[in-house]
*Asks:* 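Sending over a structure as structure tokens; questions will come in a sec.
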Amino acid sequence: MLVNVPGPWSPLLGRLALSEVPYTNPILAPLFVVIVIVGIALVAGITYYGKWTYLWKEWFTTVDHKKLGVMYIILGLVMLFRGFIDGLMMRTQQLLGDGPGDNGMKVMGAIHGYLTPFHFGQIYSAHGLIMILLAATPLLVGIMNIIVPLQIGARDMAYPYLNALGLWITAAAVVLIMASLFLGDFSHNGWFGYAPIFELSYSPGVGVDYWIWTLELVALGTTLGSINFLATVVKMRAPGMTWSRLPVFTWSAVSANIIALTSFPCLQVALALVGADRYLGTHFFTAGFGGNLMLYTNLFWLWGHPEVYFVILPAFGMLSEIIPAFSEKPIFGYTAMVLATFAIAGVSWIVWLHHFFTMGMGPYVSTEFSVATMLVGIPTGVKVFNWAFTMYKGRITMSAAMLWAVGALFLLLIGGLTGMMLSIPAINYMVHNSVFVVAHFHMMLLCIVYAVFGAVIFWFPKVFGFRLSEYWGKMMFWLFTAGTALVFFPMFMLGFMGETRRLDWPFNPQWAGWFAVQEIGIAVYCLSVLAFVWMLYVSIRDRVRNRVHSCDAWNTSRSLEWLTDTPVPFYNFAMVPHVNARDEAAWRREHGLEGTRPDHFKAIHMPNNTGIAVYIGAMTFLVGFGLTWRIWWLTVAALVAAVLLMIYRSAKGDPGYIISAEEMERLDRESRERMLGNTQSEPIRGGYHGGTATAYSPLKSEQTGTPPSSRDSF
């Protein structure tokens with residue numbers, strides 16, 4: 001039985017009414033106008049240049065893992081910017097609202113600062129949710145999407161259509177949370193939700209409903225993606241790509257997606273129960289009606305803490321590719337790195353109760369989870385030492401990508417050491433609800449951001465065929481690092497001084513100096529954003545000069561993705577290569593085989609593009625929107641349409657299309673000519689064969705001897 005909600009409701013629009021549009025809000029109303037103007041300009045520009053067909057055929061309906069990965073990354077960057085703006089607003093509110101008697105601007109009816117506590121709570125909640133699930137996760141999934149199939153020698157993901165579906169469902173979640181800016185409110189009770197505050201009697205607005213369905217959509221899209229990644233790595237490895245030769249980044253993707261596949265269902269169940277409480281009147285989390293609010297907290301953090309490792313492990317994998325490439329050495333302790341990755345993934349499941357040290361769960365349980373949390377430090381320490389030993393006596397090039405990687409190591413050290421402090425219950429009791437904890441997990445999340453920026457610079461030429469500007473990449477790094485130091489080191493101090501989390505008005509005037517330093521740090525962060533935009537501009541402007549004329553953009557790369565052309569053609573490899581060594585690109589470079597081309601070609605099968613994933617993504621947004629506003633006809637209609645589309649797609653299937661051997665030879669020749677430009681030279685023939693062919697030419701095998709399969713086994 002559906003629960004009646006307070007306030008007006010109509011069968012046609014549910015709870016949606018004109019009064020829900022915040023047109024009197026002095027921040028949101030101008031922002032809405034700006035977005036509408038930019039949107040109209042964008043549509044007009046695309047229409048004027050006649051690019052709608054191109055965008056639809058080449059991008060929106062694509063199932064190519066590289067293009068889907070690029071769209072994931074764009075989605076993540078947009079949400080990273082949105083989350084940054086939220087952070088800027090929070091820091092500014094705390095600065096303006098500092099001290100008794102200092103009432104700030106009061107432009108929005110605030111007693112202190114310029115935001116009301118309710119508005120501040122929404123921004124706080126949205127910032128956390130966006131940064132973790134709609135910025136970091138799409139960025140990491142995007143990079144995994146691009147790189148994992150290339151690193152294992154696959155033509156695409158195991159399920160290309162499912163891959164597109166995951167992207168568009170994630171995009172639906174992004175649109176839903178952005179809609180909350182201009183229609184109604186967003187949840188104000190934290191990104192993780194407090195039981196029973198999210199129950200209808202305590203939060204009767206639509207904010208919690210936006211939160212529920214946004215999270216549900218993200219969880220669904222990520223779960224679909226994790227199935228796809230695991231199937232791809234298990235089933236689509238090239239000949240010779242044994243488990244002991246998988247690049248560390250691919251191993252980290254495997255471990256992260258095992259976490260995702262097993263943890264996201266916990267989140268979905270928890271949210272479904274919250275939804276049942278709000279929509280059906282059940283009381284799973286209402287103590288006064290037989291429910292248990294700790295049930296939600298356990299279910300949420302049962303997902304929430306493995307989620308931390310779901311996002312950090314791929315970042316570790318990126319560092320494991322960047323550091324060896326710019327140290328000109330193989331990764332130190334490959335086996336230890338892989339085992340450490342899975343050790344971290346395993347321990348991630350037995351540490352969630354350290355979020356409850358202050359809830360009086362007894363010394364025995366506290367000790368057990370304290371020790372479990374400390375155990376994470378062992379494999380993480382192994383990784384840090386292995387990265388350091390990889391650099392030791394290496395020919396290090398401090399390129400922009402390497403700077404970001406080294407910066408990530410420093411943040412990991414700070415975040416790891418403060419994490420060890422928090423794993424001690426006695427210390428945790430003192431600082432648990434302070435901004436010290438906030439500073440700690442920002443160190444870990446920024447470690448991910450550093451790794452992602454390093455990875456984007458590192459792999460950018462492989463996708464687009466030209467390098468990003470080194471100068472502006474380094475400039476952005478130093479500005480970003482200065483901003484990090486100015487914002488979060490004061491936050492550690494404020495935590496020790498007693499500032500609790502989610503304060504819209506810091507009441508202690510002695511904190512004012514630190515808030516001013518943080519605001520300066522935010523300003524420096526803004527400069528780093530400008531440096532990033534400028535880096536993209538000058539790199540695209542000078543793309544001809546920065547063009548890469550070889551498969552390996554850095555000449556020191558090591559894994560399989562650097563064997564194919566730059567940029568990577570849509571079929572990835574003209575012929576699927578045989579893998580002879582763990583660091584195949586380095587092995588071929590050492591043996592003079594890096595320029596080899598196929599001596600014959602075979603016909604290949606490729607999937608067709610499809611718009612059904614876009615349509616289903618749109619339907620999932622409508623389902624979420626309809627549920628949020630209780631527009632039942634829209635919810636049912638969109639759900640039925642989504643199911644019918646799935647049935648239609650399943651019945652129709654995708655026969656794909658065949659590229660003949662002759663066509664492949666022509667495409668390969670043209671790809672090579674585009675890559676080499678005016679530097680073209682006669683290729684070495686008799687190189688890697690494809691399909692089921694598994695060896696170099698006999699001539700090359702005799703010259704180079706037996707492939708070093710014995711040295712790279714576990």
*Asks:* Roughly how far, to the nearest 0.5 Å, is CD1 of Ile169 from CG of Leu217?
*Replies:*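 The CD1 atom of Ile169 is 7.5 Å from CG of Leu217, to the nearest 0.5 Å.
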*Asks:* Just wondering, are more than 12 heavy atoms of other shown residues or ligands nearer than 6.0 Å to OH in Tyr159?
*Replies:*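 Atom OH in Tyr159 is not crowded, with 12 or fewer foreign heavy atoms closer than 6.0 Å.
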*Asks:* For Trp534 and Trp472, take the angle between the two ring planes, folded into 0 to 90°, and tell me which bin it lands in: parallel under 30, tilted 30 to 60, perpendicular over 60.
*Replies:*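 Ring orientation of Trp534 relative to Trp472: perpendicular.
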*Asks:* Looking at Lys462 and Thr564, would you say the former's side chain and the latter's main chain have a donor-acceptor pair under 3.5 Å?
*Replies:*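 At least one qualifying donor-acceptor pair exists.
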*Asks:* Sequence neighbours excluded, which residues qualify as salt bridge (charged side-chain N to carboxylate O under 4.0 Å, His left out) partners of Arg666?
*Replies:*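 Per chain and number, Arg666 pairs via salt bridge (charged side-chain N to carboxylate O under 4.0 Å, His left out) with Glu663, Glu670.
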*Asks:* Would you say the side-chain atoms of Ser226 pair up with the backbone N or O of Thr223, donor to acceptor, closer than 3.5 Å?
*Replies:*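 Yes; judged by distance alone, with no hydrogens or angles, the pair exists.
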*Asks:* Would you say the rings of Phe480 and Trp404 are close, in the sense that their centroids are separated by under 6.0 Å?
*Replies:*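 Yes: the rings meet the under 6.0 Å criterion.
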*Asks:* Count the heavy atoms belonging to other residues, nucleotides or ligands that lie under 6.0 Å from OH of Tyr657, then report whether that count exceeds 12.
*Replies:*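 It does: Tyr657 OH has more than 12 such atoms within range.
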*Asks:* Does Thr635 reach the main-chain N or O of Leu627 with its side chain, forming a donor-acceptor pair under 3.5 Å?
*Replies:*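 Pair found, side chain donor or acceptor close to backbone of Leu627.
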*Asks:* Determine whether a donor-acceptor pair (N or O, by modelled atom type, separation under 3.5 Å) exists between the side chain of Asp565 and the backbone of Pro567.
*Replies:*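 Absent.
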*Asks:* Are the ring centres of Phe186 and Trp211 closer than 6.0 Å?
*Replies:*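 Aromatic pair excluded; centres sit 6.0 Å or further apart.
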*Asks:* Please tell me whether Trp459 and Glu561 have a donor and an acceptor in their side chains that are separated by less than 3.5 angstrom.
*Replies:*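 Yes, a side-chain donor-acceptor pair sits under 3.5 Å.
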*Asks:* Please give me the minimum heavy-atom distance between Val148 and Ala253, naming the atom from each residue.
*Replies:*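 The answer is CG2-CB, 3.8 Å.
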*Asks:* Before we go on, tell me: are the rings of Phe342 and Trp251 under 6.0 Å apart, centre to centre?
*Replies:*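 They qualify: ring centres under 6.0 Å apart.
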*Asks:* Would a distance-only check, ignoring hydrogens and angles, find a side-chain to backbone donor-acceptor pair under 3.5 Å from Asn572 to Leu150?
*Replies:*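 Answer holds: no.
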*Asks:* Within the side chain of Arg467, is there an N or O that forms a donor-acceptor pair under 3.5 Å with the backbone of Val548?
*Replies:*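 Pair absent, no side-chain N/O of Arg467 close to backbone of Val548.
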*Asks:* Is NZ or CZ of Lys51 both nearer than 6.0 Å to the six-membered ring centre of Tyr49 and within 45° of the ring axis?
*Replies:*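 Not flagged: Lys51 not positioned over aromatic ring of Tyr49.
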*Asks:* Is it the case that the side chain of Tyr161 and the backbone of Val63 share a donor-acceptor pair, with hydrogens and angles ignored and the cut-off at 3.5 Å?
*Replies:*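 Checked: no pair found.
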*Asks:* Could you check if a side-chain atom of Tyr571 sits within less than 4.5 angstrom of a side-chain atom of Ser671, using non-hydrogen atoms only?
*Replies:*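 A side-chain contact under 4.5 Å exists here.
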*Asks:* Measure the shortest side-chain to side-chain distance between Arg82 and Leu181 over non-hydrogen atoms and say whether it is less than 4.5 angstrom.
*Replies:*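 Heavy-atom side-chain distance check passes, below 4.5 Å.
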*Asks:* Give me the atom names and distance for the closest heavy-atom approach of Leu319 to Ala408.
*Replies:*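 Smallest interatomic distance, heavy atoms only, reads CD2-CB, 3.9 Å.
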*Asks:* For the residue pair Trp168 and Tyr615, establish whether any side-chain heavy-atom pair is separated by less than 4.5 Å.
*Replies:*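 In short, these two side chains do not touch, never coming nearer than 4.5 Å.
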*Asks:* Under a 4.5 Å cut-off applied to non-hydrogen side-chain atoms, are Pro239 and Val576 in contact?
*Replies:*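 Yes, their side chains come closer than 4.5 Å.
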*Asks:* Which pair of non-hydrogen atoms, one from Ser320 and one from Ile331, has the smallest distance, and what is that distance?
*Replies:*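 Looks like O-CD1, 4.0 Å.
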*Asks:* Below 4.5 Å, heavy atoms only, C-beta onward: do Val254 and Phe229 meet side chain to side chain?
*Replies:*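 A side-chain contact under 4.5 Å is absent here.
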*Asks:* Side chains of Leu77 and Ile74: does their closest heavy-atom pair fall under 4.5 Å?
*Replies:*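 Contact flag for Leu77/Ile74 side chains = no.
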*Asks:* Checking Asp552 side chain against Ser557 main chain: does a donor-acceptor pair fall under 3.5 Å?
*Replies:*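 Yes; judged by distance alone, with no hydrogens or angles, the pair exists.
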*Asks:* Answer yes or no: is there a side-chain heavy-atom contact under 4.5 Å between Met241 and Leu246?
*Replies:*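 Yes. Closest side-chain heavy atoms under 4.5 Å.
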*Asks:* Less than 6.0 Å separating the ring centroids of Trp562 and Phe458?
*Replies:*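 Centroid separation for Trp562 and Phe458: below 6.0 Å.
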*Asks:* Would you say Asn608's side chain and Pro655's backbone share a donor-acceptor pair under 3.5 angstrom?
*Replies:*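 No; zero donor-acceptor contacts below 3.5 Å.
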*Asks:* With a 4.5 Å limit on heavy-atom distance, are the side chains of Met178 and Met79 in contact?
*Replies:*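 Side chain of Met178 against side chain of Met79, heavy atoms only: contact under 4.5 Å found.
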*Asks:* When the ring centroid of Tyr210 is compared with that of Trp213, is the distance short of 6.0 Å?
*Replies:*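 Between Tyr210 and Trp213, the centre distance exceeds or equals 6.0 Å.
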*Asks:* If we ignore hydrogens and angles and just use 3.5 Å, is the side chain of Thr61 paired with the main-chain N or O of Trp56 as donor and acceptor?
*Replies:*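 Checking the backbone N and O of Trp56 against the side chain of Thr61, a donor-acceptor pair under 3.5 Å is found.
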